[in-house]
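Just so you know, ligand 1 is whichever comes first in the structure, and atom 1 is the first atom listed for that ligand. In what follows, every heavy atom counts, from backbone to side chain, and hydrogens, waters and symmetry copies are set aside.
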Amino acid sequence: MGQQNGNAASYFVDRHVDEGQGGRTAFVECGAGGRSLTYAQLASEAGRMADLFQRHGISREDRAAMIVLDQIEFPVIFWGCLKAGVIPVPLNTLLSADYYEIILTDSRAKALFVSNELLPTVAPILGKLPDLRKVFVIGGESEGHLAFADELAKGEPSGTIAASADECAFWLYSSGSTGRPKGVRHVHGSLKATADTFGAQVLGARGDDLVLSAAKLFFAYGLGNAMTFPMAVGGAAALFKARPTPADMFAAMAEVKPTIFCGVPTLYAAMVAQMGDAAPAGTERLRLCVSAGEALPAEIGNRWKALTGVDIVDGVGSTEMLHIFLSNAPGNIVYGTSGVAVPGYAVRLVDEEGREVGPGEVGELLVDGPSAAENYWNQRDKSRATFEGRWTRTGDKYERTEDGRYVYCGRTDDMFKVSGIWVSPFEVEQALVTHPDVLEAAVVADRDEAGLEKPRAFVVLKNGASADGLEGALKEHVKAKVGAWKYPRRIDFVADLPKTATGKVQRFKLREGA
Ligand code: 3SK
């Protein structure tokens, strides 16, 4: 190990053991029979990965794809890769075989780690991947592939390879709202940068924190919440393997009693709708909640606070910036805004010519901060269009209020004009969800008989609400809330909205169907 080891594993994993804190719990699995892992066990298990890679011909800088649920093996494999200098590529566990084929081909992963529950999804494409050499199956039957537990047990633990903090450590794939997935390449130093900024200075993460994150570890948001933020301070995270339904989240909360809970607006909305008038069990130790993924409607934040007594810190981040760079902060929360730049980050708003816009004007949000990705793998044009020197373009439209807070106005490609005036689909959606019968809403532009763009809404009703006679009432409601020209000319009542795994509404799918 070098004297100055910039390898993130030496900071997040080995340091705790070196400082005599190896006996502290790092991870617990939710549910009956859930396992746990101390920092010392993590260092030792992850340390065996170098031997595993060597035996199977996987070398430094090779990519190792991970289709792994939130379970103890996730941190073992992720940190094991970093310790050995192999590049882990955690993938969304909800993708289809077609997407896995695109991503595994694009990344040229030589190894694949897959939870046995997900093997049937990916199995049909494994024969089509010329670069893939070994498949390691976690838990259950390995069906002709290598059993991860057996292969790991064969090796001896070794230390952490010396690496520069500026060296590529891992990739995440960004789905984007359209187009092919992009491999976002992050350096070792970015993991510590997000823990030192949002983790330490906004969350105030502490060694006695237990984090429960509905956002999964494959997602940059979940990776910070339930891995690097608690690990930076010797705290712990509860891992939840299944999809986070409100009922499961209530059960997980009651079981582990987290001090920090991280969710996305859709989940908070559904949880609030099911809470009745009382705080759910398991909120007694809760000191902070976090929301990201899309802007949190003010109604939801206020209702959650009224029921639990705990604020939701709403922030915005991106896979490219690794975590949240614009946020509200404990004690300084204005629901309906994304707050201000996280300490360590700078943001600015620019118009289409790149000129800064003033308060009250809408512009694209650019961000400068220590955790920006290096680039997109093999997508030079997209890299050049996104990473402009120190500044990273977010594709999000924002407005700055007179008091310096940022208010989300939609994606650059979701905004549209009605009668020459910009309409933010988000604004109309927010107005719709303040109606007592509406659970969720998404708004897209749709052309009328004259070929002009007008808002069209897709609305999910709350349990027990009826669509009969509601269309007119909702139109009036929006007119009254946000302005006459913005009301949806057409409303479709639907059972659910198309979303990415991380809870973002896929408006492009609604547009395609419109
Ligand atoms: O979508 C977000 O707001 C986000 C937050 C943190 C990390 C990553 C992302 C995409």
*Do Y398 and S338 have side-chain N/O donor and acceptor atoms under 3.5 Å apart?*
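Note: Y398 and S338 side chains meet the donor-acceptor criterion.
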Looking only at the side chains, is there a donor atom on one of S174 and Y376 sitting less than 3.5 Å from an acceptor on the other?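 Side-chain D/A pair, S174 to Y376: absent.
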Could you tell me whether [X] and [Y] make a salt bridge, using a distance below 4.0 angstrom between a side-chain N and a carboxylate O?
| X | Y | value |
| --- | --- | --- |
| E356 | R400 | no |
| E294 | K499 | no |
| R511 | D414 | yes |

Could you list the atoms of ligand 1 found under 4.0 angstrom from a heavy atom of [X]?
| X | value |
| --- | --- |
| L322 | 7 (C) |
| A220 | 7 (C), 8 (C) |
| G293 | 1 (O), 2 (C), 3 (O) |

What residue and heavy atom of the protein are closest to atom 1 (O) of ligand 1, and at what distance?
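Protein heavy atom with the smallest distance to atom 1 (O) of ligand 1: K504 NZ, 2.9 Å.
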Original post:
Do S318 and ligand 1 have an N or O pair less than 3.5 Å apart?
Top reply: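 Among all N and O atoms of S318, none is under 3.5 Å from an N or O of ligand 1.
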Does any N/O atom on V316 come nearer than 3.5 Å to any N/O atom on ligand 1?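 Between V316 and ligand 1 (N or O atoms, distance only) the closest approach is not under 3.5 Å.
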For atom 10 (C) of ligand 1, which candidate among Y221, F325, F198, F219 provides the closest heavy atom?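 That would be F219.
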message = Which option wins on minimum heavy-atom distance to atom 2 (C) of ligand 1: S338, G317, C262, S327?
response =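 Looking at heavy atoms only, the winner is G317.
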| Quick check, are the ring centers of Y221 and F198 under 6.0 angstrom apart? |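 No, the ring centres sit 6.0 Å or more apart.
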